[in-house]
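Note sheet for the following structure.
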Amino acid sequence: MRKTLSAALLAAMAVATPALAEYPEKPIEVIVGYSAGGGTDVMARTVAKFLETALGDGAAVVVKNMPGAGGQIGFTEVANADPDGYTLGTFNLPAALALTNDRNADYDVTSYTYLANFVEDPNTVVVSASSEFQTLDELLAAAKADPGAITLGLSSLGGNDHFSANMIAQASGAEFTLVPFKGASMARTALMGKHVAAGTMTLSQTASFQDELRVLAVLSDERSAFRPDVPTAKELGYDAQMSSLRGIVAPAGLDPEVEAKLEAALSAVNAMEEFQAMMAEQGNPISFVSGDAFEAVAVQQDGVARAIWEETPWK
Amino acid sequence: MYSDLLHALPEVFALTNFLAVIIGVLAGIVVGAMPGLSATMAISVLVPFTFGLEPLVALGLMAGIYNGAMYGGAIPAVLLRIPGTPAAVATTFDGYPMAQKGQGGFALQVAVVSSSIGGIASAFALMLLAPPLSKVTLLFGPAEVFWVAVFGLASIIFLLGGNPVKGLISACFGVFVSVIGSDPIYGNDRFTFGQLELLDGINIVILLVGLYALPPVIDLLETPLKTDSVEGEKLGTEPIWKALPKMKGYWKTWLRGSFIGIWIGILPGAGGSMAAFMSYNEARRSSKKPEDWGQGEPEGVAAAETANNADTASALIPALTLGIPGTAVAAVMLGGLLVHGLQPGPMLFRDNPDVVFGFMWQFLFGAILLVLLGGSLATNSFARLLNLPRPLLGSIIIVLMLIGVYSIHGRMFDVYMMLGFGAVGWVMDKLKFPLPPVVLGLILGAFAEENLRLALRIGRGDWAVLFKNTTSLVLVALTVAVVIGPMLKRRFIDSRKKEGEEA
């Protein structure tokens with residue numbers, strides 16, 4: 001009762017002065033472009049839970065799944081929503097921006113207010129544990145010796161797996177036959193069954209299969225804390241960096257005060273020990289960037305995707 | 001590993017965990033029995049709510065729903081000729097004729113006992129053989145899975161019905177629907193007309209609900225005053241202990257159905273409807289009087305229902321060990337596991353034995369509970385729905401269809417599409433085009449295309465890749481046997497007859 005009263009009071013005050021400091025006054029919706037139970041969905045629900053605490057004052061954050069078209073339906077919904085701070089969405093890079101190249105999309109890199117990125121999951125080059133290839137160099141040598149003879153399993157074209165394969169091929173001059181499966185786990189299974197010679201997927205997708213898979217290289221700046229034994233491609237002399245990023249965005253044109261409040265709250269979420277523990281349990285490597293830094297990442301990823309599209313369009 | 005299995009047992013019997021299975025089974029039967037609502041949908045609605053629940057409560061609910069719904073789908077399949085779930089299509093073949101003959105009660109009892117047996121067999125396969133069976137899954141790459149699709153197609157060709165031309169047209173329609181959406185390799189749009197909603201292809205539930213549920217409902221409403229065939233007494237129900245002895249001759253069908261269901265379950269992509277079709281066909285082929293099939297042969301219900309429950313737990317074998325779900329329902333359940341931080345893979349069994357093995361026990365108990373809960377519930381209460389006045393029953397079904405289809409993705413677009421398929425189904429029904437080939441074309445068309453193209457990519461365009469290893473060759477041999485076998489048999493019988501005449 002007191003809450004509704006104060007809400008009514010606030011609404012009255014809002015007429016006189018835009019009392020945005022009192023945001024949020026109603027539940028905040030986080031739109032997820034994938035179905036419930038996927039990696040992005042689980043991240044969204046975890047963030048939502050802690051964001052309620054961080055915003056305090058009985059704030060409610062609700063996750064809404066709008067699956068379809070590889071996330072595009074959800075991304076579009078967020079881009080077209082009112083920038084009032086009550087519609088947020090999960091954002092997957094490079095996928096969300098990569099698909100603006102190969103299809104008609106009602107949004108682009110400028111359609112969002114970039115709040116915070118939580119997960120950065122680096123790509124890897126991986127073979128089956130019983131494979132003859134012990135190192136990345138051995139694999140690349142075989143791919144160079146007989147161009148196209150090495151099959152590379154990955155999840156669908158136009159995503160981080162595909163871009164990783166392209167970057168490795170470009171950096172080394174090797175040529176692969178790309179085999180795009182329906183999802184990374186299908187690619188991983190084909191790899192384990194030795195139906196393809198090698199594969200590329202993110203590091204977290206190899207985590208539960210350490211005895212079955214041999215990770216030859218990780219495509220990140222530094223070695224991953226999860227697998228410090230795996231060299232980076234850079235160390236091995238191939239300049240290739242690619243990862244899958246998951247963060248939270250709002251529609252472009254968000255009020256700066258609301259933006260600041262949300263960014264602060266999301267930073268507070270990231271600082272919570274319990275949140276870090278839960279993300280680690282889910283196998284999500286965290287790389288937190290917020291605000292302008294996140295936007296810079298998005299712009300850079302957009303450029304990478306466009307460059308690959310222009311050079312080797314995938315459809 | 002087997003000691004872990006026993007260690008997990010006490011947890012399963014904790015009050016809330018066991019209650020979850022019971023509630024799950026009941027909810028599953030109800031959901032499965034409602035045309036339009038499927039197990040996939042029920043579990044995907046459930047997944048977000050389980051975020052705050054204990055893992056075994058959440059998983060128990062899901063295991064119960066999955067088992068319950070696979071049987072529940074048989075209820076409208078038998079009583080109304082509307083399969084409650086995609087996997088219950090084959091149950092209509094003999095279940096509905098039985099109901100028309102006044103044996104609806106017996107048909108439901110056969111269905112519940114068979115479902116339970118299939119579910120128990122599958123749960124045991126999951127509990128005892130998951131790691132070795134996952135090695136079998138690894139043998140099946142794109143080339144091998146392509147042959148599975150061809151084998152499936154060849155072995156269930158009888159579904160084309162009495163008029164092969166009409167049957168083929170139906171099948172082609174199904175294949176056409178499977179082509180809609182982005183293509184599996186390059187992602188090029190096919191027949192999407194710029195609609196984002198069509199990019200992922202057409203969900204089988206949308207097609208099925210429209211095609212299968214709308215025409216019978218229209219039938220129901222065309223003659224609103226006719227009530228004679230839907231009286232409760234005509235179900236011919238008798239207590240289950242009296243019905244059981246009549247089923248003892250089905251043990252071969254149960255065994256075969258369980259085996260087929262488990263096998264289809266561990267192969268990703270095919271699902272319960274293919275298991276039921278294949279089991280039905282194999283049972284019919286080995287029957288002494290195949291001509292009775294389709295006219296109300298209880299063994300047909302037994303074959304279909306055993307197989308569609310036998311692929312429930314086994315579909316989780318590749319899901320838990322490899323992260324690749326065997327059916328659409330298993331895919332959603334995998335999401336439910338992820339929500340609880342359970343990552344699929346070999347480590348899962350080491351890191352969380354109590355939860356994983358507890359989940360397996362829940363599958364077993366879910367299957368056993370099915371007889372107790374389903375046996376009384378189905379025959380006593382659900383069948384009474386048929387006593388409702390026809391206009392009311394028809395309207396209830398239509399509402400359920402709309403809700404079910406809307407809730408898949410939460411969009412009206414799917415509902416309109418379902419109504420469109422309903423119109424198509426109604427016309428097909430009037431012109432006597434068989435409906436099962438459409439479902440088959442949709443499932444196997446996509447399955448075959450994707451895997452053929454992947455295989456050819458692996459082989460760099462060389463078709464020899466399809467015959468490269470033993471698994472493929474065995475499947476090719478089986479396919480040939482299935483096609484040639486009946487022809488040889490017929491010729492053999494003919495020549496024998498001739499000899500008999502001459503002698």
Side-chain angles (χ1 to χ4, degrees), chain A residues 34-39 41-42 45-46 49 63-70 72-73 76 99 102-106 148-149 151 153 156-158 177-186 188-190 192-197 204-212 278 280-283 314-315, chain B residues 43-48 50-52 134-135 137-144 182-189 194-200 268-269 318-319 322-325 331-341 343-348 351 409-411 450 454-455 457-460:
Chain A
Y34 305 95
S35 36
D41 174 72
V42 173
R45 286 176 198 283
T46 313
K49 183 178 156 191
V63 172
K64 184 178 177 191
N65 300 89
M66 296 189 77
Q72 195 182 348
I73 290 178
T76 309
L99 64 81
D102 66 71
R103 329 177 177 147
N104 289 327
D106 289 343
T151 48
S156 56
L157 298 181
T177 297
L178 302 185
V179 187
F181 287 86
K182 221 179 221 164
S185 10
M186 290 297 275
R188 182 177 59 209
T189 306
M192 284 162 57
K194 308 201 91 176
H195 303 287
V196 288
S204 73
Q205 276 149 351
T206 68
S208 305
F209 296 84
Q210 299 200 3
D211 295 340
E212 288 77 13
M278 215 162 153
E281 190 192 326
Q282 292 159 6
W314 50 87
K315 83 176 195 196
Chain B
I43 294 174
S44 38
V45 169
L46 187 71
V47 164
T50 65
F51 197 60
S134 71
K135 297 270 182 320
T137 308
L138 287 184
L139 287 176
F140 288 80
E144 291 81 4
S182 54
D183 90 75
I185 306 285
Y186 296 105
N188 290 321
D189 297 9
Q195 292 289 336
L196 276 187
E197 289 88 346
L198 286 173
L199 262 188
D200 293 332
L322 301 166
I324 49 170
V332 186
M333 291 180 104
L334 200 55
L337 288 165
L338 284 175
V339 162
H340 290 97
Q343 302 278 346
M347 318 279 259
L348 180 65
D351 298 348
H409 297 120
R411 55 197 191 203
E450 182 190 336
L454 282 174
R457 241 179 123 83
I458 289 173
R460 295 152 90 191

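Atoms considered below: every heavy atom in the structure, side chains included; atoms not considered: hydrogens, waters and symmetry mates. Not measured: the values here are computed from a predicted model. Lettering follows sequence order; numbering is per chain, from 1.
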Sequence neighbours excluded, the answer for side-chain hydrogen bond (donor to acceptor under 3.5 Å, both in side chains) partners of A:S208 is none
Would you name the heavy atoms of A:W314 and B:Y186 that are closest together and state the gap between them? O-CD2, 3.5 Å
Here the gap from B:K135 atom NZ to A:M192 atom CE, rounded to the nearest 0.5 Å, amounts to 7.5 Å
Segment of A:Q205 engaging chain B (4.5 angstrom heavy-atom cut-off): neither
Which answer fits A:A149, side chain, backbone, both or neither, if we ask what part of it has an atom under 4.5 Å from a heavy atom of chain B? both
Measuring from atom CG of B:L196 to atom CD1 of A:I73, what distance do you get when rounded to the nearest 0.5 angstrom? 5.5 Å
Can you confirm whether A:R103 sits close enough to B:L199 that some side-chain heavy atom of one is under 4.5 Å from a side-chain heavy atom of the other? yes
Using non-hydrogen atoms and a 4.5 Å limit, figure out which bit of A:R188 sits close to chain B: side chain, backbone, both or neither. side chain
In terms of heavy-atom pairs under 4.5 Å with chain A, which of B:L348, B:V339, B:I185 leads? B:I185
Interface moiety of B:R457 toward chain A, non-hydrogen atoms closer than 4.5 Å: both
Would a 4.5 Å heavy-atom cut-off, applied to side chains only, mark A:M66 and B:R411 as touching? no
Rounded to the nearest 0.5 Å, the CG atom of B:D200 sits from the CD atom of A:Q72 at a distance of 10.0 Å
Distance (rounded to the nearest 0.5 Å) between A:T151 OG1 and B:L454 CG: 11.0 Å
Quick one: closest heavy-atom pair of B:P142 and A:H195, and the distance? CD-CB, 4.2 Å
If one checks every heavy atom of A:M278 against chain B at 4.5 Å, the contacting part turns out to be side chain
Residue among A:D211, A:V179, A:N104, A:N65 with most heavy-atom pairs under 4.5 Å to chain B: A:V179
Enter the distance from A:E281:CD to B:D351:CG here, rounded to the nearest 0.5 Å. 10.5 Å
Between B:P344, B:G410, B:P184, which residue shows the highest count of heavy-atom pairs closer than 4.5 Å to chain A? B:P344
Cut-off 4.5 Å, heavy atoms of chain A, and the answer for B:V47 is side chain
With heavy-atom distances below 4.5 Å as the criterion, would you say the side chains of B:I458 and A:T177 are in contact? no
Which atoms of B:L139 come close to chain A, meaning under 4.5 Å heavy atom to heavy atom: side chain ones, backbone ones, both, or neither? backbone
Go through the atoms of A:K194 and report whether side chain, backbone, both or neither lie under 4.5 Å from a heavy atom of chain B. neither
Does a side-chain heavy-atom distance below 4.5 Å link A:Q210 with B:P346? no
Given that the side chain runs from C-beta out, which part of A:T46 has a heavy atom under 4.5 Å from chain B: side chain, backbone, both or neither? both
Of A:G153, A:G158, A:S185, A:P67, the largest count of non-hydrogen pairs under 4.5 angstrom with chain B goes to A:S185
